[in-house]
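Working notes, structure below.
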Amino acid sequence: MASRFVVSAFCLMLPALSVSAEDVTIRVGYGPGGSYDSMARVIADHLGDHLPGSPNVVVENLPGAGSLKLAKLVMESTETDGSQIATISSALALAPVFDPDNRAYDPRQAHYLISMTSAASYCITPKASGIDTLDAFLTGEFKVGATGKASTTYVFPAAIKKALDTNYQIVTGFGSATEIDLAMERGDIQARCGIGMSNLFNGDMLERYNVITELSREPKHEIDGVPFLLDRISDPETHEAMKLVLSSSSIHHPFVAPPATSEEALDDLLAGFAALATDEDFLADAKKRGLYLSMTDGPTVEAKIAEYLASDPAVQDLARELVQ
């Protein structure tokens, strides 16, 4: 699949300035093995080539609360030299909507460097579960796995449950999506939501799992025959609120820098991530690892977030109710 990168004029004008650290650490808000971890590791193998001084780039996993644990550390970081990068749940971009009293993470203060894909997310079930249609998913009694309430693995099924009055139960506490997959293989969990294209087209996932529904603001039809969830929501107000909830799928796999990051270091990081879009070695490596890329630069991601956070307050109120 071809990669796509949205480059703003601002990004094209970035000068090469001064990430001053000898090492750059990418922290992952989930455990090893999942798509967030895989995306961070392929970036770590190539990003240093596009930063001043060619620093070593290492990956550190720091799972907890659907990446909210790491997001809080991002906000508290005093590092100014560009040495700290994090990849956290895309749903945290809507934190002011979902939990306006929570001050642990503010997407308006963090610096978004890139999102690696704007593809839709999906809900899946094991073939052995017998839950093989959207109707069965919406009416059955089973368990959906989630990492934490800040993650799309929770936010998406929670909103579906409230909007469409489903019977499933959401079980949180998994360290990564990989742990949820293992629980599905054991039969302890029967579904998960928020899975992206990089996971679905990796290995034999499509042979072992049913793809139940597409979760996105607008239908993308990336997988033939998969129903678009919003087509099932007829109430206009609920439809708009659910559309807002699903907005984070358009900025999936985001990478952020702490608010304290200096302007010079931030410019370097933005330029480094932008360079990955035309780095043939990086693109080939990502494809080899089964990662689906449709990259969007940091300024454009931040503009999207500002748009979502400026939506009608009544829509935001209903979206908040849906994810509780």
Exercise. So how far is it from F142 CZ to I189 CD1, rounded to the nearest 0.5 Å?
Worked result: 10.5 Å
For this session: Starting at OG1 of T25, measure out to CG of N56 and round the result to the nearest 0.5 Å.
Result: 10.0 Å
For this session: Please answer: with hydrophobic residues joined when any side-chain heavy atoms are less than 4.5 Å apart, are V24 and V74 in the same cluster?
Result: no
Exercise. Taking the side chain from T125 and the backbone from I131, do they hold a donor-acceptor pair closer than 3.5 Å?
Worked result: yes
Seminar exercise, completed: In short, P107 meets Y112 closest at the heavy-atom pair O-CE1, 3.7 Å
Exercise. I43 and T87: side chain to side chain contact (heavy atoms under 4.5 Å, CB included), yes or no, with the steps?
Worked result: CA-CA 11 Å; I43 288 172; T87 180; over 6 Å; no
For this session: Identify, with sequence neighbours excluded, every residue that meets ring-ring contact (aromatic ring centres under 6.0 Å, His included) alongside F156.
Result: none
For this session: Find out whether L51 and L269 are in side-chain contact, i.e. whether some heavy atom of one side chain is under 4.5 Å from a heavy atom of the other.
Result: yes
Exercise. What's the shortest heavy-atom distance between L215 and S249, and which atoms?
Worked result: O-OG, 3.6 Å
For this session: Show your reasoning for whether side chain to side chain contact (heavy atoms under 4.5 Å, CB included) applies to R208 and E185.
Result: CA-CA 9 Å; R208 295 186 294 116; E185 290 178 10; 3.0 Å; yes
Problem set entry | Heavy-atom side-chain contact between M295 and L283 under 4.5 Å | yes
Exercise. What's the spacing between S262 OG and D267 CG if we round to 0.5 Å?
Worked result: 8.5 Å
Problem set entry | NZ/NE/NH1/NH2 to OD/OE distance under 4.0 Å, R232 and D135 | yes
For this session: Please report the closest heavy-atom contact between H111 and P258, naming both atoms and the distance.
Result: CD2-O, 3.0 Å
Exercise. For the hydrophobic clusters of this structure (ILVMFWY residues joined by side-chain heavy atoms under 4.5 Å, transitively), does one cluster hold both L70 and V256?
Worked result: yes
Exercise. Do F273 and F255 make the cut of ring centroids closer than 6.0 angstrom?
Worked result: yes
Exercise. Around K72, counting heavy atoms of other residues, nucleotides and ligands shown, do more than 12 lie under 6.0 Å from its NZ?
Worked result: no
Problem set entry | Euclidean distance, T213 OG1 relative to L134 CG, rounded to 0.5 Å | 5.0 Å
For this session: Determine yes or no for a side-chain-to-main-chain donor-acceptor pair under 3.5 angstrom, with S247 supplying the side chain and K243 the backbone.
Result: yes
Exercise. Do I195 and Y209 touch side chain to side chain, with heavy atoms closer than 4.5 Å?
Worked result: no
Exercise. Is K288 paired with D285 through a side-chain N to carboxylate O contact shorter than 4.0 Å?
Worked result: no
For this session: Step by step, work out the salt bridge (Lys or Arg N to Asp or Glu O under 4.0 Å) result for R41 and D45.
Result: CA-CA 6 Å; R41 292 183 186 279; D45 286 344; over 6 Å; no
Exercise. Is the shortest heavy-atom distance from the side chain of K161 to the side chain of V144 under 4.5 Å?
Worked result: no
For this session: Enter the distance from D132:CG to I212:CD1 here, rounded to the nearest 0.5 Å.
Result: 6.5 Å
Exercise. Less than 4.0 Å between a side-chain N and a carboxylate O, is that true for R108 and E302?
Worked result: no
For this session: Examine distances only and state if a side-chain atom of D279 and a backbone atom of F282 form a donor-acceptor pair shorter than 3.5 Å.
Result: yes
Exercise. Per the side-chain contact (heavy atoms from CB on, under 4.5 Å) rule, which among N102, L73, I88, T147 passes with L68?
Worked result: N102
Problem set entry | Side chain to side chain, Q169 and E141, heavy atoms closer than 4.5 Å | no
Problem set entry | Residue pairs, two or more places apart or on separate chains, that pass disulfide bond (SG atoms under 2.5 Å apart) and touch residues 43-161 | C123-C193
Problem set entry | Expected output: side-chain T178 to main-chain G33 donor-acceptor under 3.5 Å | yes
For this session: Would you please classify the geometry between the F137 ring and the Y168 ring as parallel, tilted or perpendicular, with 30° and 60° separating the classes?
Result: tilted
For this session: Please check if any side-chain donor atom of E214 sits under 3.5 Å from a side-chain acceptor atom of S216, or the reverse.
Result: yes
Exercise. Does L322 reach the side chain of K162, with side-chain heavy atoms less than 4.5 Å apart?
Worked result: yes
For this session: Give me the ring orientation class for H252 and Y36: parallel if the planes are under 30° apart, tilted from 30 to 60°, perpendicular past 60°.
Result: perpendicular
For this session: Compare all side-chain heavy atoms of Y308 with those of L244 and state whether any distance is below 4.5 angstrom.
Result: yes
Seminar exercise, completed: To the nearest 0.5 Å, atom NE2 of H253 lies from atom OG of S118 at 11.5 Å
Exercise. Same hydrophobic cluster for L309 and V155, using side-chain heavy-atom links shorter than 4.5 Å among ILVMFWY?
Worked result: yes
Exercise. Which pair of non-hydrogen atoms, one from A150 and one from A91, has the smallest distance, and what is that distance?
Worked result: O-CB, 3.4 Å
For this session: Check the pair L94 / Q316 against side chain to side chain contact (heavy atoms under 4.5 Å, CB included), numbers first and verdict last.
Result: CA-CA 10 Å; L94 295 174; Q316 294 191 35; over 6 Å; no
Exercise. Under 6.0 Å from the CD atom of Q324, do we count more than 12 heavy atoms belonging to anything else shown?
Worked result: yes
Problem set entry | hydrophobic_cluster_shared for L276 and V301, side chain cutoff 4.5 Å | no
Exercise. Side chain of T166, backbone of L138: donor and acceptor closer than 3.5 Å?
Worked result: no
Exercise. Considering all heavy atoms of both residues, which atom of L318 and which atom of A241 are nearest to each other, and what is their separation?
Worked result: CG-CB, 3.6 Å
Problem set entry | E60, CD atom: more than 12 neighbouring heavy atoms under 6.0 Å | yes
For this session: Assess whether side chain to side chain contact (heavy atoms under 4.5 Å, CB included) is satisfied between T152 and S121, documenting all intermediate values.
Result: CA-CA 9 Å; T152 56; S121 294; 5.6 Å; no
Exercise. Does D181 pair with R192 as a salt bridge, N-O distance under 4.0 Å?
Worked result: yes
Problem set entry | Side-chain heavy atoms of T117 within contact of M197, under 4.5 Å | no
For this session: Please answer whether the main-chain N or O of V28 pairs with a side-chain N or O of N61 as donor and acceptor at a distance below 3.5 Å.
Result: no
For this session: Of all the heavy-atom pairs spanning N210 and P126, show the shortest one and how long it is.
Result: ND2-O, 3.4 Å
Exercise. Should Y122 and E222 be marked as a side-chain hydrogen bond (donor to acceptor under 3.5 Å, both in side chains) after you check the CA-CA gap, both sets of side-chain angles, and the distance that decides it?
Worked result: CA-CA 11 Å; Y122 297 87; E222 296 160 331; 2.6 Å; yes
For this session: For K220, look at atom NZ and say whether over 12 heavy atoms of other residues, nucleotides or ligands are found less than 6.0 Å away.
Result: yes
Problem set entry | Pairs satisfying disulfide bond (SG atoms under 2.5 Å apart), at least one member in residues 202-231, at least two apart | none
Problem set entry | Co-membership, hydrophobic cluster, residues V57 and L270, 4.5 Å side-chain | yes
